[in-house]
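Down below is the structure, laid out as structure tokens.
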Amino acid sequence: MLRISEEVQKAIEENKPVVALESTIIAHGMPYPKNVETALLVEKVIRKHGVIPATIGIIDGEPIVGMSEEQIEKFGQRKDILKVSRRDLPYVLSAKKWDATTVATTMIFAAQAGIDVFVTGGIGGVHRHVEETFDISADLEELAKTSVTVICAGIKAILDLPKTLEYLETKGVTVIGYRSNHLASFYNSDSGLNVDYQMDEPLEIAKAMMVKKEYNLEGGMLISNPIPDDSIISKEDIDKAIELALDEEKKLGIHGKESTPFLLKKIVELTGGKSLDANIRLVLNNAVLGSEIAVQYALLKHKNM
Ligand code: PSU
Ligand code: MN
């Protein structure tokens, strides 16, 4: 059912560390050519840590686990690539479309392939004004049921952070702050909100993953990895951009699956590209941590065999 690349398949069979990567960030999260450059650089960083990257996307209705450089390039350039979450799968798989996988759908195929760790920038969450829109990302539901550890730079401030944390709690998703007891907020390292637990070493996180597996506790874990200090955008600057972007979204009547890509694009414009640089930096930072966790988890698996 999945087209897993030879390299990724071999690594999974040999219990070598593999890290999954999403394709919505390529097709809808960043402009060309920065999107492709970043995707390839992230893979390179992961490889440098002795880990195999597996970028996931759908081509002609076939889920690909471990996209080639050429395929990543096409995802970065083509304008007809759909953003696909769980509810879209029956349609796009049967209609044989080209689709970018979100956090939710990347988790689904990573889990099916046997990949335990997934690195991204930011996840979807509970949107601001949810009481009017009812907009809650399917990413949160997926975290509730699919057993993949997701490394992100916290929850982006375009969302309602306190409500997103509450929702994750209701759904039984463990949220861990890496070397911080506060939730990161993407462009900032500290949202002011507490996380459930702080862990300071990749091995600690790998141990938590192992215990979760041994006790058959289904669902994902979320690791909030703060953006490095030198790339933080001041709260003042980013809040201004977010307010303007949200205003414009409302005026244009944009909602549903278009919302997140629209806001990301608008914020890049409003910050003169600063938010894009920060986004690239934090994804690379997450790739390092995700690789370290994957290495430790693979070692624990070997010990248990
Ligand atoms: N946040 C980002 N960059 C992204 C996304 C979120 O900082 O590219 C993408 C991810 O693929 C995520 C999706 O899964 O947006 C969430 O969309 P929605 O809110 O429509 O579920
Ligand atoms: Mn939504």
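Counting starts at 1 for both ligands and their atoms, in listed order. Counting from 1, the numbers follow the sequence of the chain as shown. Atoms considered below: every heavy atom in the structure, side chains included; atoms not considered: hydrogens, waters and symmetry mates.
Using a 3.5 Å distance cut-off with no hydrogens or angles, the side chains of Thr101 and Thr106 do pair a donor with an acceptor. Donor-acceptor pairing under 3.5 Å is recorded for the side chains of Ser259 and Glu249. With hydrogens and angles left out, the side-chain atoms of Glu204 and Tyr197 include no donor and acceptor closer than 3.5 Å. Counting only N and O atoms by type, the side chains of Gln9 and Glu13 include a donor and acceptor under 3.5 Å apart.
The existence of a salt bridge linking Glu62 and Arg3 is confirmed by a sub-4.0 Å separation between a basic side-chain nitrogen and an acidic carboxylate oxygen.
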Which protein N or O atoms sit under 3.5 Å from any N or O of ligand 1? Give each pair with its distance.
unit_1, atom_1, unit_2, atom_2, d
ligand 1, 1 (N), Gly122, O, 3.3
ligand 1, 7 (O), Lys156, NZ, 2.2
ligand 1, 11 (O), Glu22, OE1, 2.6
ligand 1, 11 (O), Glu22, OE2, 3.4
ligand 1, 14 (O), Val103, N, 2.8
ligand 1, 14 (O), Asp139, OD1, 3.3
ligand 1, 14 (O), Asp139, OD2, 2.7
ligand 1, 17 (O), Lys83, NZ, 3.1
ligand 1, 19 (O), Thr260, OG1, 3.0
ligand 1, 20 (O), Lys83, NZ, 2.7
ligand 1, 21 (O), Ser137, OG, 2.7

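Atom OD1 is the N/O/S atom of Asp135 found closest to the Mn ion (ligand 2).
No more than 12 heavy atoms of other residues, nucleotides or ligands lie within 6.0 Å of NZ in Lys213, so this atom counts as exposed by the packing criterion.
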